[in-house]
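I have placed the structure first, in the form of structure tokens, so that the comments after it can refer back to it.
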Protein chains: 2
Amino acid sequence: MTRTRLTAAERGEQLTGAAVQAFAVSGYAGTSTDDVARLAGVSQPYVIRLFGSKQRLFIAAVEHAATRIEQVFRDAAERSADLETLGEAYDELLAERDLLALLLHGFAASSDPVIGSAVRTCFGRIYRLVRELTGVDATEARDFLATGMLLTVLTSMQVLGPGAVPPEPWMAEIADSFEDPCAEPEPGGQPG
Amino acid sequence: MTRTRLTAAERGEQLTGAAVQAFAVSGYAGTSTDDVARLAGVSQPYVIRLFGSKQRLFIAAVEHAATRIEQVFRDAAERSADLETLGEAYDELLAERDLLALLLHGFAASSDPVIGSAVRTCFGRIYRLVRELTGVDATEARDFLATGMLLTVLTSMQVLGPGAVPPEPWMAEIADSFEDPCAEPEPGGQPG
DNA sequence: TTGACATGTTATCAGTCGATAACTACTTTG
DNA sequence: CAAAGTAGTTATCGACTGATAACATGTCAA
């Protein structure tokens, strides 16, 4: 079986996807470039040659995830440009677990100045996009993203989502609080 | 200069503190047991002998941080048992940056089943405590913790807090939204 | 066809890390 | 004082990692 040959650009895209998957599980320091290489079916040194360093590979993955998140929000806003619809879009993002998990690992890896800078830029773009798409003020956008962060963290902790552990009472309580529409304190706002 | 000799219990506590500091910066995979050892002024093998493994050291640090967070909330509730007061307590937690940063790294490291289990238990305890101290319902407690998660993430990203980078416009906008009391959508609720 | 370029691989290395083992030194107790 | 327990060290190992260099293989234009 001969290896399928791709252009450098194509291979780069494929590797970025593999990097999103791999880094989403174990984070920057916990994932080896060989993990990414195996996932994509190429050798580890080739990954380094294409991206220059592990750091640049990670940043490429974070930016890819952020771009995808923005796209999901944009698509949702095309249906209806309010926070409630964007909140529904969050369900799609939670289904693609990798995106938010990777972003969380990016936040955590922000003590590295280069990674931190890239991650802040991505987060800032998402915040701005939410405000522009829906026209809400800073406080509403902040509360929207706050709930999003909690959902992201709960998913990473495997309290919510596909890979969730058997729920303890407090987990079920929180999960229910997201699904009960009557419990919303203000009409049309929170993701979930 | 002779090394100060401590009992195993004392040294263990000191090492747990050092572990909180060290793991808060670079996370589980990104921090070596030698980093923790140097911070405490002992040799690396001794750290392993006292805690058995790096994993157990990390879990000890996470549980220590969670316990401290609970204590801050309890102290605040003794002044006044409502969410607003607990929100003020959050400022103390943000000042002790390590605690929340470490917890965030714990969330991110939850793909390890042993760590994940410990982290979920800690989070569940904090959630329960917030509800018990204030008597709020699940939705209010969830929104409180959601804002807390956003604050934690923003601090880790160095958007807020002592080590923050020079603020870009969107950062100032979010920071302001926390300080403006008039912008609160519902009276007395969010941390910050 | 041939040669230049692009796509990949294997071999290898220097550094790091968690963990074990064996040894040392201090303290307490009888 | 001696012996036993406690606190801590140095030496060392095997595994892993990111990165470099050299080599191989496939593709396409002249």
Side-chain angles (χ1 to χ4, degrees), chain A residues 1-62 105 109 111-115 118, chain B residues 1-62 105 109 111-115 118:
Chain A
M1 169 202 174
T2 321
R3 278 268 167 276
T4 48
R5 230 177 118 101
L6 303 181
T7 67
E10 287 170 334
R11 190 64 82 184
E13 283 181 31
Q14 184 213 358
L15 275 170
T16 302
V20 169
Q21 272 189 258
F23 283 124
V25 177
S26 305
Y28 178 62
T31 306
S32 69
T33 54
D34 195 49
D35 291 337
V36 178
R38 281 173 200 276
L39 205 57
V42 298
S43 66
Q44 177 265 337
Y46 192 41
V47 174
I48 296 296
R49 255 238 311 246
L50 285 181
F51 285 85
S53 70
K54 182 187 183 180
Q55 192 185 64
R56 279 204 275 272
L57 174 65
F58 183 74
I59 290 175
V62 167
H105 279 291
S111 60
D112 178 309
V114 180
I115 293 177
Chain B
M1 168 203 175
T2 321
R3 276 269 167 277
T4 48
R5 230 176 118 102
L6 303 181
T7 67
E10 287 169 335
R11 191 62 84 185
E13 284 180 30
Q14 185 212 358
L15 276 170
T16 303
V20 169
Q21 272 189 256
F23 283 125
V25 177
S26 305
Y28 179 62
T31 305
S32 69
T33 55
D34 194 49
D35 291 337
V36 178
R38 282 173 199 276
L39 205 57
V42 298
S43 66
Q44 177 265 335
Y46 191 41
V47 175
I48 295 297
R49 255 237 311 244
L50 284 180
F51 285 85
S53 70
K54 181 186 184 180
Q55 192 184 65
R56 279 203 276 271
L57 174 64
F58 183 74
I59 290 175
V62 167
H105 280 292
S111 60
D112 177 309
V114 181
I115 293 177

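In the text below, chain A, chain B and the rest are named by the order of the sequence lines, each starting its count at 1.
Comparing D/dG8, C/dG18, D/dA19 against the side chain of B/R11 picks out D/dG8 as the nearest.
Side-chain atoms of B/R49 and base atoms of C/dT20 include no donor and acceptor less than 3.5 Å apart.
The shortest non-hydrogen separation linking B/T31 to B/S26 is OG1-CB, 3.4 Å. Pairing each heavy atom of A/D112 with each of A/Q55, the nearest pair is OD2-NE2, 3.0 Å.
Remark: B/Q44 CD to B/K54 NZ distance equals 10.5 Å, nearest 0.5 Å.
Phosphate contact (OP1/OP2 of C/dA6, side-chain N/O of A/R5, threshold under 4.0 Å): absent. Residue A/Y46 places none of its side-chain N or O atoms closer than 4.0 Å to OP1 or OP2 of C/dT9.
Within 4.0 Å (heavy atoms only), B/S32 reaches sugar-phosphate atoms of the nucleic acid but no base atom.
As rounded to whole Å, 9 Å separates atom P of D/dT17 from atom CZ of A/R38. As rounded to whole Å, 4 Å separates atom P of D/dA19 from atom CD1 of A/I48. Nucleotide D/dT27 holds its P atom 12 Å from the CG atom of A/L6, rounded to whole Å. Between A/D35 atom CG and D/dA15 atom C1' the separation is 14 Å, expressed in whole Å. Distance B/K54 NZ to C/dT16 P: 15 Å, rounded to the nearest Å.
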